[in-house]
Structure formats: C-alpha cells, structure tokens
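So the structure is just underneath, and the comments pick up after that.
Note that the structure is predicted; figures quoted are calculated from it, not measured.
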Amino acid sequence: MNYFKVLLFIITFSFFNNVISQNAKEKIKTIKEYLSESGKYLHTSQPELSLQNAKKALALAIKKKDESSIAKAYNFIGLNFVEIYDFEKAIDYYNKALLHAENTNNDTIKSWLYNNLGNVYSYNKNDEEAGIKYYLKSLEYARKVDIVEFAYNKLNLVNTYFEKKKFEEGKIHLDEVRMHIDSLVGEHEAQFFFYSLNGDYEEYKGNLSIAENNLLKALKICQSKYNNFNPSHEVGMNESLSKFYFKRKQYDKAYKYLLATDSLRQIAFELQRNEKVKGLVEQIEKEEVKRDLIKMEADKRIQDEKFFNIKILIILIGVIFLTTLTILYSQLKLNKIRRKSNEELREANEELRIAKEKAEEASKIKSQFVSTISHELRTPLYGVIGITDIIEVEHHELKNSPHLKALKFSANYLLSLVNDILKVYKFEENKVVLENNLFNLEDKLETIKNSLDNIALKYNNDIIIKVDKKIPEYIIGDSVRLSQIILNLVSNSLKFTHNGKVTITADLDYKNKEQIYIKFKVIDTGVGIPKEFQEKVFDKFVQINRKEDDYQGTGLGLTIVKKLIELFKGDIHLESEENKGTTITFTIPFESGKDKVNDFINNIDVDLSLPKTYKILVVEDNKINQIVTKKLLENHKFQCEIADDGFVALELLESQKFDAILMDINMPKINGFETTKLIRQKGFTIPIIAVTAFEKEEVQIKAKQAGIDDIIAKPFDTRKLFQMIRLYINSKEEELN
C-alpha cells in the first residue's frame, strides 16, 4: 500500500513538471482563444485541457477586470466539475459566474448560466422544482439572444416537466419550439430533443402512430453521426423504442431495438476500455489540475515549480507504462466480475418483478371474490330473513314451529359467517377506521348485558358489571367497535360457562394529558382453555368446542376482537386454567368527555312533530326482495310502490309524487347509479337511499358521484332504515320551507 502511494506521488509530480515545461514553450494566447480551447476539450477524452484553458482565461480576465470573460471562465469551470460529478462545486462556480455576469449587458452568458443551473438541479440533484425555476429565468434572457438559444432552453424545460409527468404544462412550451424547429438548420441536438419529447407526449395522449413516427425521426438523427453529437443519445433512443414496442406487445420490434441498445452499450464499453491506458495517465494530471485550481482560488496565482532532469522523466515514463498495464489488467478482470454480477442481479430483479405481479394479481382476485361472494349471499339472505320475520308476524300459530326456528337459525348462521369473513378481510385490507363519539361507559355495558341475557339464561349464568368510579362519566371513542369486542368476549364466555358467572370489569389504568387508558377484564368460571390451545385462540377459524346450536361458530370472533384492539392501539392477554375459568384482559385508550357533554346535549335535535305517512318508491328487480321490502314498509305504516327497473322508476316519477326512493344497485337494463343520474338530470331532488348487498365502503364514491344521498347494506336493521328515511325526508322538507 505504501509503495503504491509513493508511486502515485512520483507519477503525479513528474507529469505536472512535464506539463509546465510544455506550457513554457507555448506562446501566450488571448482570453478568447483560451475560452475557445476550453469549450473544445470539454466533452472529449482530455477534459483536463478544458480545465487548464479555463483556468488561464480566468487569470487573464481577472487581471484585465473583464467581467464578461470572468463569467465565461467560471461557467466552463462549473461545466468541468459537472463532468467529474462534483455538483456542489459546479453550482458554486455557476453562482460566482452570475455575480460577474450581472455587471455586464451580456444576455447570452446569463442565459447559459441559468440554463446550466437548471440542468444540474434537474438531472443531477433530482430537484425538478429548482430546475424549472432556473430554466424559466434562463428563458428571460434567451428570448433576447436568438432562436437557437431559446429553443434549447425551452426543450430543457419541457423535458423537466415531462419527467414530473406534467405533460400538459410541458406541451405549452413544446408548441413554442414547434413553430421554429424547421428553421434550426444544423442544430441536430435541438431537433433530436424535439422529436424525442414530442414522441413521449403523443404516447401519453394515446396517439401511438404519431408517437412512433417522432421517436423514429429522433433515432434517425442519432444514426446520422453528426459532429459533436452525443453518441449516448442513440443508446437511449433504442432503449425507448424497445420499451415503446414492448408496451404495445410488438415483441419482434421490441427485441430488435433491445439488441441494438445492448450492441451500442458494448461498443461504448470497448471504446472506454481502449482509452483506459491514456485515461489513467490523464487522471493523475486531472487530480493535480483540480488541486491547482483550488489553490488558485485562494491566492489567484500559480507558483513556479522546478524542473526535473530529462533522464528521471524517461525513467518515470517507463514506470507509468508498467503501472498502467497492471491497472488495466486489474480493471479488465474487475469488469468481467461486474458483468456477471449485473446479469445475476438483473435475473433476480426479474424474478422479483414477476413475483410482485403475481401477488398483486392474487390480491385483486381475492378482493373481487370476497366482494362477489358477499353480494351473492346477502341478496338471498335478505329475502330469507325478511320472509321469516314476516311469517312470524303474520302467522302467530307458527311462532314455536321447529321448522321455522331451523330456517331462522340457518339464515342467521350464514349471515354471521358472511359478516365475520368480511370483517377479517377489511382488517387485512386496512379498510377499518375508528370513529369518535361521546358515550357513557356504564350505560353501554348495561346495554350489552341486556342483549346477552337470553344466552346467560340458557346456560344458567349471571352477568356482573363493575365500573371504576374514577372513570369519567362520559368518554370519547368508538363505542360501536368497543361493543363488538365486549359482545364477542362475553358471548364466548357464556357459551363455555354453565351454572356460573361472567364478570365484566373496567378500571382506570392510567392517564396522560390527552387520553385515559381503561383496563377491561372479562372473567368467567367456565371450563377454561387447555394450554395447547391458548396460543391459537386468536387465530382465524380456530374453535375449541363448538356448540351445536350456536350459529356464530365461525372461529372468527376472537380474531376480530384481537384486530379491533390492535386498531385501538391496545393490547390483549389471556389467562386460563381448565375447570376453573378464563380471564381475558385488554387495555385501550379513550378521551375524557367531561368538558364536551354540554356541547353534545345542546346539539341534539328533538323532533316534536306528529308522525306522518310517507310514500316510498322501491326500485328493485328481485321479486322476493320486492315482497320483503314492501311488507316491511307497509307494516310500519309507509305507502309503497314497486318499480322492476330504472326505466319504470323514471316513468312513475313523472306521474306520481314520492317522498323517498329505495334504490337497488345491481339491476338489469340500467343499474342504480345510472338510474340515479337520470333522475337528478331531470331535476328531481327527492332523497335516494341505496339498498344494496355490497358493503358501503365499496360503492360509496360511485354513489356520491351519481347523486345518491346514503347507503344501507342488506340485510339491514329495520329501525335504522326507517330512521334514515325520516331523517332525509325531514331534511328535504326543511330546505323547501
């Protein structure tokens, strides 16, 4: 390692002296000549010559106080730092150049500098917003210079907008270049960029034939091999055409341009390898020039160095040659390893891409399957449950019929199964969101106890509630989700406890400035859970001892409980001993509602008006569902009219007056969304409530866009439907009054 450092020092030192000796023999050039030489070597295999000439031009310009030339020299230095990927220093030198350019009337150099700053931020620092800002500033000066300067600045701005997918904003500037593109004779770079960008825009608009024509024009310009034309453009255009044809499934053309891309890259690699020997020698001098430039900025002068004996120089050249051969061999070996690694990485990436696409497709199929199954099951279940309820009401002699009970049991079992599966699916898709409402915890627990009294009586159990007095009278949180948790846990305990008791306790665990943490316990004296099952009870579809008359035996209840508690950002623990009982503990946060009770009470609307009879239009194609919905409405003193499809509904609205519409979503001929749109187009403002077997979240956006006021999923809570109908009718009447 030390030998290698000494060798590099000798090489650098000898080359530096060689350059000085050659420069001593050169005649002194003008500032303009130095700047011209700097631009000539900028993008060649001798970039250090560009930097040397820029440095010499800067020294002369500072001596003569030539502000315009100082700005140009700093501009070339900044361009050279871009070439060696030192973008921060490039920005520094561009800004130095701007300070001097502002003291001149030279609009051309101002346009260059702002454009170069735009390039660095857009292409090298990935800051498109800053890039656009500098491009727009550059255009202020480019308009005053000439059409060539204006066109290049505009095309850079268009490319930045397109990179950000802002095609329409970029198109405005592209059209300005279009008016002048034919007049830019000899400006091959500008014409190439115009056709390439125009192809990208037409592809975005779906004009594939026009897009293809523009991309091919751009490639033709690349293939013409004009002087000073960047050869990397041809690689990029072949790659773009390959992707373009691949998206269109024209695989033969895509493969053709992909081969051309690989071939051009290989040629570029060979050229790079053939110049490696010369490049390694130049690299040493480049580093010295870079250090020299930094030193020049500190004292603005270059110190003279002593000359070495010519014999030492010849010996050092021999050392350089041997060292270069060694490095070249190492580089060739490294490139071979790198190519192999790149190929392995490409294959791994391709496998990952395929796996990702398969996973996304599986997720999409799963989502469609769950949605379809839920709709297909809920529609007939609505009919079965509804007709069962109607039979119970209209035929009291069948109230205790075992056949009717069996029918009701089966329907409720199926409905419970569908609902549990959908709940688990929603959790997995992150579609469950907690809501906040004000409620009294003790009242809520009493309500849950009352709803479970029948199950407790069946197994001769007592339900006991204990609420810590330190808990505020009113708290804020999702009372519905909390009820689901406790209902699931208590009903589960009741089923596995005979002649015993189930205790629900709520204690204030701790509190901070904004939240109170309540620890709940559900304690039973039942059969307990064997140790081998305790780790698995919260997994999906796990059951320990299913009851034959329990229609909620899906094995999903405790899974839903755990996911709900996690949604609350709480935790749950289970302790159990066989034949002694089970204790489930969970802690979840709430807000104190102590200061918000009065606001809540003041906002309650009390309806003191007498009940009215409303006329409802039911738009439903399923005959059984028509019967069920009509009976439910008429049994609760509503008038009802049935429409088999959306077109019949439109005819009835023209001839009769209705207070509200219950609209099915899935119907033949015309669905509920389209029917609602036509109703709104005709000027009807009547409340429309979608009654559908789909989950509310699945159709909420489309329903709102169509003009539907609200959604209720089948099978529904009858009281909730009637409450919803009256709410929207009363709201509409208040608007009219």
Side-chain angles (χ1 to χ4, degrees), residues 168 205-206 364 367-368 370-380 382-383 422 426 431 433 614-630 632-633 638-717 720-737:
E168 296 303 333
K205 295 294 288 183
K364 184 177 179 182
S367 178
Q368 292 173 344
V370 172
S371 177
T372 302
I373 287 297
S374 68
H375 181 271
E376 293 301 320
L377 287 175
R378 281 182 165 184
T379 299
Y382 172 66
L422 283 174
K426 282 185 181 180
K431 292 183 178 180
V433 180
Y614 296 113
K615 189 173 182 180
I616 310 299
L617 174 60
V618 178
V619 188
E620 169 69 71
D621 66 297
N622 186 291
K623 297 298 181 185
I624 295 175
N625 289 350
Q626 288 177 0
I627 295 169
V628 171
T629 306
K630 185 177 175 68
L632 286 173
L633 291 169
F638 286 88
Q639 294 179 13
C640 181
E641 191 78 27
I642 301 293
D644 290 328
D645 58 58
F647 296 117
V648 175
L650 288 165
E651 292 174 5
L652 288 172
L653 284 170
E654 296 287 353
S655 60
Q656 299 183 43
K657 185 177 180 181
F658 295 93
D659 294 296
I661 300 173
L662 299 183
M663 179 73 68
D664 188 25
I665 298 296
N666 258 12
M667 294 187 294
K669 297 183 181 179
I670 180 172
N671 64 38
F673 299 127
E674 297 302 321
T675 302
T676 303
K677 287 179 183 177
L678 292 174
I679 291 171
R680 297 306 187 206
Q681 288 171 11
K682 289 180 177 290
F684 293 105
T685 59
I686 181 172
I688 300 176
I689 298 170
V691 182
T692 175
F694 289 111
E695 283 289 292
K696 184 175 181 178
E697 292 82 0
E698 294 180 52
V699 296
Q700 196 163 18
I701 295 175
K702 290 183 69 175
K704 185 177 180 181
Q705 292 171 345
I708 292 171
D709 294 290
D710 212 334
I711 304 163
I712 189 166
K714 295 186 279 191
F716 48 75
D717 184 337
K720 185 176 179 181
L721 173 65
F722 298 146
Q723 183 184 16
M724 191 181 290
I725 293 171
R726 290 191 173 94
L727 173 68
Y728 282 103
I729 292 175
N730 292 338
S731 177
K732 188 60 66 178
E733 288 176 349
E734 288 175 5
E735 287 180 14
L736 295 174
N737 294 331

Would you give the length of the straight line joining atom [atom1] of [X] to atom [atom2] of [Y], rounded to the nearest 0.5 angstrom?
X: Lys714; Y: Glu620; atom1: NZ; atom2: CD; result: 4.0 Å
X: Asn666; Y: Thr692; atom1: CG; atom2: OG1; result: 6.5 Å
X: Ile729; Y: Lys615; atom1: CD1; atom2: NZ; result: 13.0 Å
X: Leu721; Y: Arg726; atom1: CG; atom2: CZ; result: 9.5 Å
X: Asp644; Y: Gln626; atom1: CG; atom2: CD; result: 5.0 Å
X: Lys720; Y: Ile725; atom1: NZ; atom2: CD1; result: 13.0 Å

For the residue pair [X] and [Y], establish whether any side-chain heavy-atom pair is separated by less than 4.5 Å.
X: Thr629; Y: Ile616; value: no
X: Ile679; Y: Met663; value: yes
X: Glu733; Y: Asn730; value: yes
X: Ile670; Y: Thr675; value: yes
X: Asn622; Y: Met667; value: no
X: Leu727; Y: Met724; value: no

Query - Salt bridge present between Glu168 and Lys205 (N-O < 4.0 angstrom) - result: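 Between Lys205 and Glu168 there is a salt bridge, with a charged N closer than 4.0 Å to a carboxylate O.
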
Requested in this report: For Asp709 and Ile689, indicate whether the former's side chain and the latter's backbone hold a donor-acceptor pair under 3.5 Å.
Outcome: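 It does not hold such a pair.
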
Query - Main-chain N/O of Gly672 paired with Thr676 side-chain donor or acceptor, under 3.5 Å - result: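 Yes, the answer is positive, given that a donor and an acceptor are paired below the 3.5 Å cut-off.
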
Report task. List the steps, then state whether side-chain contact (heavy atoms from CB on, under 4.5 Å) holds for Asp664 with Val619. Result -> CA-CA 6 Å; Asp664 188 25; Val619 188; 5.8 Å; no

If every non-hydrogen atom of [X] is compared with every non-hydrogen atom of [Y], which pair is closest and at what distance?
X: Pro687; Y: Asp659; result: CD-O, 3.4 Å
X: Ala660; Y: Ile686; result: N-CD1, 3.6 Å
X: Leu617; Y: Ala643; result: CD1-CB, 4.1 Å
X: Leu633; Y: Cys640; result: CD1-SG, 3.9 Å

Query - Pair Arg680-Ile688, side-chain contact (heavy atoms from CB on, under 4.5 Å): steps then yes or no - result: CA-CA 10 Å; Arg680 297 306 187 206; Ile688 300 176; 3.6 Å; yes

**Report entry** Sole residue of Ile665, Val691, Val699 in side-chain contact (heavy atoms from CB on, under 4.5 Å) with Ile711
**Finding:**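 The option that passes is Val699.
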
Query raised in the report: Can you tell me if NZ on Lys704 sees more than 12 non-hydrogen neighbours from other groups inside 6.0 Å?
Result: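 Incorrect, the count does not exceed 12.
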
Report task. Applying side-chain contact (heavy atoms from CB on, under 4.5 Å), run through Ile661 and Phe684 and close with a yes or a no. Result -> CA-CA 11 Å; Ile661 300 173; Phe684 293 105; over 6 Å; no

Requested in this report: Evaluate the criterion side-chain contact (heavy atoms from CB on, under 4.5 Å) for residue pair Leu653 and Lys682; output intermediate values, then yes/no.
Outcome: CA-CA 10 Å; Leu653 284 170; Lys682 289 180 177 290; over 6 Å; no

Query - For Phe722, the option from Tyr614, Phe638, Tyr728 that meets ring-ring contact (aromatic ring centres under 6.0 Å, His included) - result: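 So, applying the ring-ring contact (aromatic ring centres under 6.0 Å, His included) to Phe722 and each of Tyr614, Phe638, Tyr728, only Phe638 qualifies.
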
